[in-house]
Student: 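Structure provided below as structure tokens; questions to follow.
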Amino acid sequence: MMGRCASPRCALAAARGGGGAPAPPPLPVLPVPTAAQLRWQRREVIMFFHFGMNTFTDSEWGTGREPPAAFRPAALDASQWMDAAAAAGASLVVLVAKHHDGFCLWPSAHTAHSVRASPWRGGRGDVVREFADAARARGLDIGIYLSPWDRHDKRYGREVAYNEYYLAQLHELLTGYGSVSEIWFDGAKGKNATNMTYHFQEWFQTVRQLQSSINIFSDDGPDLRWVGDENGSAGSTCWSTINRSKITIGEAGIEKYLNTGDPRGKDWVPPECDVSIRPGWFWHKNETAKPLPELLEVYYNSVGRNCVLLLNAPPNTTGLVDAADIARLREFRAAVTAIFGTDLAAGSAARASSERGGRFAAANVLDGRDDTYWAPAAAEAEDGGGYWIELRRPASAAARKFNVVRIQEHVAMGQRVERHEVYVDGGGAAVASGTTVGHKRLHRLGAPVAGRTVRVWLASRRGGAPSLGAGDE
């Protein structure tokens with residue numbers, strides 16, 4: 001739904017309060033994210049590019065028996081793919097370097113089943129190289145998807161031999177193409193697939209050794225988790241925390257747990273919502289991009305529910321992203337900018353049920369900084385009750401209606417809020433309510449409302465007092 005946003009947000013002031021020593025920050029509620037996880041969360045929208053043998057065979061899961069000669073993009077231009085990423089407002093792009101068919105988009109020294117055996121670029125091409133160079137030329141970070149399931153390689157099913165092969169390819173990708181921000185381990189495998197034990201822990205530790213600041217994605221992280229579906233929708237309750245010990249990568253029945261997370265989770269593993277702009281992950285001639293209202297619904301159900309949206313735009317058989325798909329991505333970004341480009345809470349006066357001190361004052365809620373937050377007084381934090389923060393809009397702005405409310409926690413201190421409600425002008429009925437907040441919670445109201453005051457009631461939380469963080473729209 002198109003509209004304008006009123007965003008109660010909170011901040012940490014630089015000034016000291018009173019004449020004594022400044023109040024210390026509240027204790028975090030463990031676990032808390034790493035610096036790399038925080039950087040990833042603030043991206044909000046990133047891009048996926050599924051391109052490979054399936055593009056040319058009009059399939060989603062290849063057999064592994066496709067001849068390398070089938071791979072022949074006539075006009076591949078990775079810079080044009082970055083146009084698609086820029087159109088969507090993405091800052092990170094993830095390439096499928098090898099899908100389940102086992103065909104490698106770089107000239108791997110460990111298999112003949114790669115671009116080296118194809119007619120493209122006379123057998124001297126390297127899609128991963130062109131992708132990485134084009135991304136960096138546009139100031140974008142890169143990610144790599146390397147499928148564990150390989151339907152081509154004869155070593156698959158031989159535990160030690162295949163795990164060594166897979167590790168060798170990880171070495172190639174993580175040492176030959178510069179800094180990689182995200183590595184994707186897909187748990188998908190066919191029901192009748194050859195039995196194979198993946199040495200995930202060896203893979204994860206090798207990745208961390210080769211790229212110390214990388215985020216590792218799989219069903220159970222260790223840094224980023226699958227959201228449990230492929231339609232871009234997180235649970236209406238969505239915790240960044242889980243217990244990794246409860247999850248086996250690729251196992252059925254874990255979807256709901258991944259979708260909602262776990263308030264008692266000991267591991268900070270936030271969810272990533274992967275979805276394709278088209279019905280399929282790979283390009284198919286008879287498919288078209290999702291309409292704008294559907295993409296906005298995806299945005300609200302992912303970014304608006306404490307997730308990062310990983311949006312796939314598949315290049316076609318010529319090696320280009322369809323112009324119509326780029327136009328839809330541009331339309332999507334323009335709509336998001338229009339909704340959040342004007343903050344109808346700007347210029348408001350803020351007050352709260354209490355303040356921890358000048359450095360954590362409610363008056364700083366509108367500074368637009370990610371590194372600042374409001375926290376209530378320590379005494380109130382200890383009494384176990386709820387909290388509230390309220391924005392009083394200028395009289396001249398009170399008549400301007402809004403139908404989106406944005407709330408953000410300062411998740412660097414952990415995730416606390418379990419239940420919250422939003423009231424306008426002291427009304428007896430909440431205009432919006434929900435459970436978790438996390439990095440960002442977006443509420444679309446049933447109808448636009450006008451009002452002088454917007455109050456967020458934080459009714460229940462885990463651990464200590466809440467700390468709501470500022471955004472920058």
Side-chain angles (χ1 to χ4, degrees), residues 47-86 92-147 150-153 165-166 168-184 186 210 281-285 312-323 325-326:
M47 290 293 296
F48 220 171
F49 292 95
H50 277 66
F51 180 70
M53 194 60 74
N54 293 338
T55 308
F56 299 89
T57 60
D58 197 27
S59 61
E60 286 291 304
W61 280 9
T63 66
R65 297 187 296 273
E66 299 85 359
F71 184 83
R72 48 176 68 242
L76 191 150
D77 182 359
S79 294
Q80 192 259 4
W81 300 8
M82 302 310 140
D83 293 340
L92 169 67
V93 288
V94 181
L95 174 67
V96 175
K98 182 185 81 166
H99 204 249
H100 310 326
D101 54 76
F103 184 75
C104 299
L105 295 188
W106 78 103
S108 174
H110 300 282
T111 180
H113 199 55
S114 79
V115 289
R116 180 177 286 153
S118 79
W120 177 66
R121 303 274 197 261
R124 295 183 295 277
D126 186 338
V127 179
V128 178
R129 174 73 59 205
E130 295 188 21
F131 178 86
D133 290 348
R136 294 198 176 95
R138 294 290 286 270
L140 303 176
D141 295 323
I142 71 166
I144 298 291
Y145 169 119
L146 184 66
S147 172
D150 189 320
R151 305 187 73 181
H152 171 83
D153 199 88
Y165 166 63
Y166 190 92
Q169 294 199 318
L170 277 177
H171 270 271
E172 288 182 323
L173 292 170
L174 296 180
T175 61
Y177 297 92
S179 176
V180 177
S181 295
E182 183 172 337
I183 184 79
W184 237 80
D186 190 346
L210 298 175
W281 289 103
F282 288 89
W283 181 84
H284 304 288
K285 185 177 181 179
N312 179 64
N316 59 29
T317 53
T318 65
L320 300 172
V321 178
D322 276 7
D325 290 1
I326 294 180

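For the numbers below, each heavy atom of this structure counts, side chains included, while hydrogens, waters and symmetry mates do not.
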Student: For the atom pair OG (S108) and CZ (R116), what is the distance rounded to the nearest 0.5 Å?
Tutor: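 One gets 8.0 Å once the value is rounded to the nearest 0.5 Å.
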
Student: Taking all non-hydrogen atoms of both residues into account, name the closest pair between M53 and P67 and its distance.
Tutor: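 Taking M53 first and P67 second, the nearest heavy atoms are CE-O, 3.6 Å.
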
Student: Side chains of I142 and R136: closer than 4.5 Å at any heavy-atom pair?
Tutor: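 Contact flag for I142/R136 side chains = yes.
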
Student: Hey, what's the ring geometry for F103 with F71, parallel, tilted or perpendicular (30° and 60° as the breaks)?
Tutor: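 If you compare the ring of F103 with that of F71, the planes turn out tilted.
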
Student: How long is the span from the CG atom in L92 to the CG atom in D141, to the nearest 0.5 Å?
Tutor: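 CG of D141 is found 6.0 Å from CG of L92.
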
Student: Do NZ/NE/NH1/NH2 and the carboxylate oxygens of D150 and K98 come within less than 4.0 Å?
Tutor: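 Salt bridge flag = yes for K98 with D150.
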
Student: Assess whether side chain to side chain contact (heavy atoms under 4.5 Å, CB included) is satisfied between C104 and Q169, documenting all intermediate values.
Tutor: CA-CA 10 Å; C104 299; Q169 294 199 318; 3.4 Å; yes

Student: Over all heavy atoms of both residues, which pair between A85 and L140 is shortest? Give the atoms and the distance, please.
Tutor: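 Nearest pair, atom of A85 first, then L140: CB-CD1, 4.0 Å.
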
Student: How about V96 and F49: do any of their side-chain heavy atoms sit closer than 4.5 Å?
Tutor: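 Not in contact.
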
Student: I144 and W184: side chain to side chain contact (heavy atoms under 4.5 Å, CB included), yes or no, with the steps?
Tutor: CA-CA 6 Å; I144 298 291; W184 237 80; over 6 Å; no

Student: Any donor-acceptor pair under 3.5 Å linking the side chain of H152 with the backbone of G102?
Tutor: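 Flag not set: sc H152 to bb G102 has no pair under 3.5 Å.
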
Student: Would you call the rings of F48 and W281 parallel, tilted or perpendicular, taking 30° and 60° as the class edges?
Tutor: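 Aromatic pair F48/W281 classed perpendicular.
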
Student: Decide yes or no for R138 and D83: does some side-chain heavy atom of the first lie under 4.5 Å from some side-chain heavy atom of the second?
Tutor: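 Yes - at least one pair of side-chain heavy atoms lies under 4.5 Å apart.
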
Student: Distance only, no hydrogens: is a donor on one side chain within 3.5 Å (strictly under) of an acceptor on the other, for N54 and W283?
Tutor: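 Judged by distance alone, the side chains do not pair up.
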
Student: Looking at side-chain heavy atoms only, is the closest gap between L320 and L76 below 4.5 Å?
Tutor: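 No, their side chains stay 4.5 Å or more apart.
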
Student: How far does CE of M82 sit from CG of D77, to the nearest 0.5 angstrom?
Tutor: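 The CG atom of D77 is 9.5 Å from CE of M82, to the nearest 0.5 Å.
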
Student: Under 3.5 Å, side chain of E172 to main-chain N/O of A109, donor-acceptor pair present?
Tutor: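 Judged by distance alone, yes, a pair lies under 3.5 Å.
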
Student: Does F51 have its ring centroid less than 6.0 Å away from the ring centroid of F282?
Tutor: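 No: the rings miss the under 6.0 Å criterion.
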
Student: Are any non-hydrogen side-chain atoms of H113 and P68 less than 4.5 angstrom apart?
Tutor: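 H113 vs P68: side chains touch.
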
Student: Are L210 and H171 close enough that some pair of their side-chain heavy atoms sits under 4.5 Å apart?
Tutor: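 Yes, close enough: below the 4.5 Å cut-off.
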
Student: Could you give me the CA-CA distance, side-chain angles and deciding distance for D58 and K285, then say whether side chain to side chain contact (heavy atoms under 4.5 Å, CB included) is met?
Tutor: CA-CA 8 Å; D58 197 27; K285 185 177 181 179; over 6 Å; no

Student: For the side chain of E66 and the backbone of D101, is there at least one donor-acceptor N/O pair under 3.5 Å apart?
Tutor: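 Looks like no, no N/O pair under 3.5 Å.
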
Student: Hey, what's the ring geometry for H99 with Y145, parallel, tilted or perpendicular (30° and 60° as the breaks)?
Tutor: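 Rings of H99 and Y145: parallel, as their planes differ by under 30°.
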
Student: Can you find a side-chain donor-acceptor pair between E60 and H284 that sits under 3.5 Å?
Tutor: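 Result is yes, a qualifying pair exists.
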
Student: Show every donor-acceptor pair shorter than 3.5 Å between a side-chain atom in residues 122-135 and any protein atom, with sequence neighbours excluded, or say none if there are none.
Tutor:
residue	atom	partner	partner atom	Å
D126	OD1	V128	N	3.1
D126	OD1	R129	N	3.0
D126	OD1	Y177	OH	3.4
D126	OD2	Y177	OH	2.7
R129	NH1	G176	O	3.0
R129	NH2	G176	O	2.9
E130	OE1	R121	NH2	3.1
E130	OE2	R121	NE	3.0
E130	OE2	R121	NH2	3.3

Student: Roughly how far, to the nearest 0.5 Å, is CZ of R151 from OG1 of T63?
Tutor: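 It comes to 6.5 Å.
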
Student: If every non-hydrogen atom of M47 is compared with every non-hydrogen atom of A84, which pair is closest and at what distance?
Tutor: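 Here M47 and A84 meet closest at CE-O, 4.4 Å.
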
Student: What's the spacing between L105 CG and S114 OG if we round to 0.5 Å?
Tutor: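 L105 atom CG to S114 atom OG measures 9.0 Å (nearest 0.5 Å).
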
Student: Mind checking whether L170 and L146 have side chains closer than 4.5 Å, heavy atoms only?
Tutor: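 They are in side-chain contact.
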
Student: Apply side-chain hydrogen bond (donor to acceptor under 3.5 Å, both in side chains) to T57 and list each qualifying residue two or more places apart in sequence or on a separate chain.
Tutor: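 In terms of side-chain hydrogen bond (donor to acceptor under 3.5 Å, both in side chains), with neighbours along the sequence ignored, T57 is linked to S59.
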
